[in-house]
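For reference, the structure is listed below as structure tokens.
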Amino acid sequence: MKFLRINIVLALFAFLLARCVEPYDPPVSDRDVNFLVVDGFLNISQSEAIVRLTRTLPVESTAPAPVVSDAEVWIEDDKGNFYSIASAGGGVYTGPVYEANTGTRYRLTVTTADQRKYESDFITALESPPIDSIGYAVTQDGVQFLVNTHDPSNQAQYFRWQCEETYQYYSTYNSVYMFEGDVIVYRPYQLSVHTCWRTDPLSDILVGSTKQLKESVIRNFPVSFIPKGSMKLSVEYSLRVRQQALTQEAYEYWSKLEKSTEHLGGLFDPLPSEVMGNIRGVTDPSETVIGFFSGGTVQEMRRFLQRRELPKEEI
């Protein structure tokens with residue numbers, strides 16, 4: 001009888017808890033948008049900078065972020081040299097930064113078409129250690145890819161990974177005919193359009209830290225998950241991973257952004273928080289600007305996985 005009462009109390013508590021969970025629409029007006037968003041990185045390995053400029057949208061909007069065109073973008077180093085970063089379209093600006101190195105400090109400057117100026121703090125470009133390996137683990141639900149790295153010098157303690165996947169698959173229907181002028185003929189094997197490839201960047205924010213460890217070692221950090229039955233694993237899958245070392249400030253920015261954009265909505269998820277970065281307004285210092293400018297070397301590795309390498313029951 002005692003256990004029965006306990007079970008009834010627990011069931012009643014769970015029922016009341018479920019009834020307390022209600023949707024919440026934050027009191028944010030459409031006027032609280034249109035902030036400038038800056039995502040800039042100076043790739044020391046290639047002596048090239050890439051900057052993406054967009055604007056924020058209302059919370060409930062599903063439209064793509066508006067891009068910022070016709071801006072003037074510059075990289076300045078601590079020796080007084082300036083490098084113009086040209087528009088490549090779609091809010092993306094790229095350009096060479098000659099003889100870029102980790103011993104020089106750099107700053108990003110942006111002037112929009114309405115002559116509003118923004119600039120970052122001077123940043124220190126960091127050296128990233130190589131990626132040791134990219135492994136994978138077959139789980140009940142699919143395939144989890146894992147990255148491993150370490151820094152013997154213990155200088156790099158914060159990391160960010162960006163991934164791009166390419167996979168081969170076959171179209172549902174095979175075209176066995178083709179036109180030669182106005183005549184329908186059999187399609188030769190070498191002109192087959194049945195085999196397809198697709199490449200997509202992964203948008204997940206992936207950051208990790210070894211700050212609390214005695215050694216700077218990352219083991220089996222999850223970077224990409226392919227669910228069971230996915231077309232991506234039907235023939236051959238390739239994952240390219242780019243690794244950057246981050247400063248503590250950059251790590252905190254990306255970590256906070258990841259929690260604010262990818263882990264909200266659940267009962268135990270973190271509360272929304274303000275994500276700013278190291279970009280500020282010069283024309284109007286009180287203006288809200290979101291984004292971060294960082295730099296360093298980039299380490300890269302690609303991992304291939306073919307369908308025949310996986311257990312049949314897992315694909």
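- Shown here for Ile131 and Gln299, the closest heavy-atom pair between the two residues is CD1-O, 3.9 Å.
- Formation of a donor-acceptor pair under 3.5 Å by the Asn101 side chain with backbone atoms of Glu99 is found in this model.
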What verdict does the side chain to side chain donor-acceptor pair (under 3.5 Å) test give for Ser175 and Arg187, after you've listed the backbone C-alpha separation in whole Å, the side-chain angles of each residue and the deciding distance to 0.1 Å?
CA-CA 8 Å; Ser175 173; Arg187 182 184 298 276; 3.1 Å; yes
query: Going through the distances and angles, do Tyr170 and Thr195 end up as a side chain to side chain contact (heavy atoms under 4.5 Å, CB included)?
result: CA-CA 5 Å; Tyr170 297 122; Thr195 302; 3.3 Å; yes
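- Leu108 is not listed as a side-chain neighbour of Glu76, based on a closest heavy-atom distance of 4.5 Å or more.
- A donor-acceptor contact under 3.5 angstrom links the side chains of Thr149 and Gln243, judged on distance only.
- One N or O on the side chain of Thr56 and one on the backbone of Asn34 form a donor-acceptor pair closer than 3.5 Å.
- There is a path of hydrophobic side-chain contacts, each under 4.5 Å, that joins Leu233 to Tyr167.
- Looking at Ser255, its side chain never comes within 3.5 Å of a backbone N or O of Glu252 through a donor-acceptor pair.
- Salt bridge absent: Asp121 and Arg107 never bring a charged side-chain N and a carboxylate O closer than 4.0 Å.
- Gln162 and Gln244 are linked by a side-chain donor-acceptor pair at a separation below 3.5 angstrom, with hydrogens and angles left out of the test.
- Taken to the nearest 0.5 Å, the CG atom of Leu246 stands 9.0 Å off from the CZ atom of Phe159.
- Under a 3.5 Å cut-off, the side chain of Asp78 and the backbone N or O of Thr104 do not form any donor-acceptor pair.
- A distance below 6.0 Å separates the ring centres of Trp161 and Phe221.
- Atom CG of Asp114 has more than 12 neighbouring heavy atoms from other residues, nucleotides or ligands inside a 6.0 Å radius.
- The pair Glu287-Arg116 meets the salt-bridge criterion, with a side-chain N (NZ, NE, NH1 or NH2) lying under 4.0 Å from an Asp/Glu carboxylate O.
- Nearest heavy-atom pair across Glu48 and Thr94 is OE2-CB, 4.3 Å.
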Report task. Check step by step if side chain to side chain contact (heavy atoms under 4.5 Å, CB included) holds for Glu249 and Asn278. Result -> CA-CA 8 Å; Glu249 183 184 14; Asn278 64 351; 3.8 Å; yes
Under the side chain to side chain contact (heavy atoms under 4.5 Å, CB included) rule, what do Leu206 and Trp254 come out as? Steps first, then yes or no, please. CA-CA 8 Å; Leu206 303 169; Trp254 288 110; over 6 Å; no
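- Under a hydrophobic-cluster definition in which Ile, Leu, Val, Met, Phe, Trp and Tyr are linked whenever side-chain heavy atoms come within less than 4.5 Å, directly or via other members, Leu126 and Tyr253 are assigned to different clusters.
- The OH atom of Tyr93 sits 9.5 Å away from atom CD of Glu72, with the distance rounded to the nearest 0.5 Å.
- With hydrophobic clusters built from ILVMFWY side chains whose heavy atoms lie under 4.5 angstrom apart, Phe292 does not share a cluster with Leu42.
- At least one side-chain heavy atom of Thr199 sits less than 4.5 Å from a side-chain heavy atom of Glu164.
- A donor-acceptor pair is defined here as one N or O able to donate and one able to accept, closer than 3.5 Å; such a pair exists between the side chain of Glu309 and the backbone of Gln306.
- The distance from the NE2 atom of His150 to the CG atom of Leu213 is 13.5 Å, given to the nearest 0.5 Å.
- Residues Ile279 and Val51 share a hydrophobic cluster, clusters being chains of Ile/Leu/Val/Met/Phe/Trp/Tyr side chains in contact below 4.5 Å.
- Between the side chains of Thr210 and Ser216, at least one donor N or O sits under 3.5 Å from an acceptor N or O.
- Judged purely by distance below 3.5 Å, without hydrogens or angles, the side chains of Arg198 and Thr166 never pair a donor atom with an acceptor atom.
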Practice task
Walk me through it: do Ser224 and Leu202 pass the test side chain to side chain contact (heavy atoms under 4.5 Å, CB included)?
Solution key: CA-CA 8 Å; Ser224 174; Leu202 303 183; 3.7 Å; yes
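- Proximity of a side-chain donor or acceptor of Asn148 to a complementary backbone N or O of Asn220 within less than 3.5 Å is detected.
- Minimum interatomic distance between Ser294 and Ile123 (heavy atoms only, all atoms of both residues): C-CD1, 3.8 Å.
- A side-chain donor-acceptor contact under 3.5 Å links Asp151 to the backbone of Gln155.
- Between Phe145 and Tyr237, the distance separating the two ring centers is shorter than 6.0 angstrom.
- Aromatic ring centres of Phe293 and Phe41: separated by at least 6.0 Å.
- Here the CZ-CD distance, from Arg160 to Glu258, works out to 11.5 Å after rounding to the nearest 0.5 Å.
- Ile184 is listed as a side-chain neighbour of Phe179, based on a closest heavy-atom distance under 4.5 Å.
- Atom NZ of Lys79 is surrounded by more than 12 heavy atoms from other residues, nucleotides or ligands within 6.0 Å.
- With hydrogens and angles disregarded, no donor-acceptor distance shorter than 3.5 Å links the side chain of Thr297 to the backbone of Ser45.
- With 3.5 Å as the limit, one finds no donor-acceptor pair spanning the side chains of Thr109 and Lys117.
- Side-chain contact between Cys163 and Leu239 is present, with at least one heavy-atom pair separated by less than 4.5 Å.
- No salt bridge links Glu236 with Arg307; every basic N to acidic carboxylate O contact stays at or beyond 4.0 Å.
- By the criterion of side-chain heavy atoms lying less than 4.5 angstrom apart, applied directly or through intervening Ile, Leu, Val, Met, Phe, Trp or Tyr residues, Trp74 is not grouped with Tyr98; the two fall into different hydrophobic clusters.
- Side-chain contact annotation: Thr139 with Asp141, donor-acceptor N/O pair under 3.5 Å absent.
- Looking only at side-chain heavy atoms (C-beta outward), Tyr136 and Leu310 come within less than 4.5 Å of each other.
- Residues Ile134 and Leu146 are not in side-chain contact: their nearest non-hydrogen atoms beyond the backbone lie 4.5 Å or more apart.
- For Arg302, the CZ atom is densely surrounded, since the number of other residues' heavy atoms within 6.0 Å is greater than 12.
- Inter-residue side-chain proximity for Val298 and Arg242 is flagged as met; some heavy-atom pair is nearer than 4.5 Å.
- Side-chain atoms of Asp77 come within 3.5 Å of backbone atoms of Gly80 as a donor-acceptor pair (strictly under, hydrogens ignored).
- Residues Leu53 and Val67 have side chains not in contact (no heavy-atom distance under 4.5 Å, counting atoms from C-beta outward).
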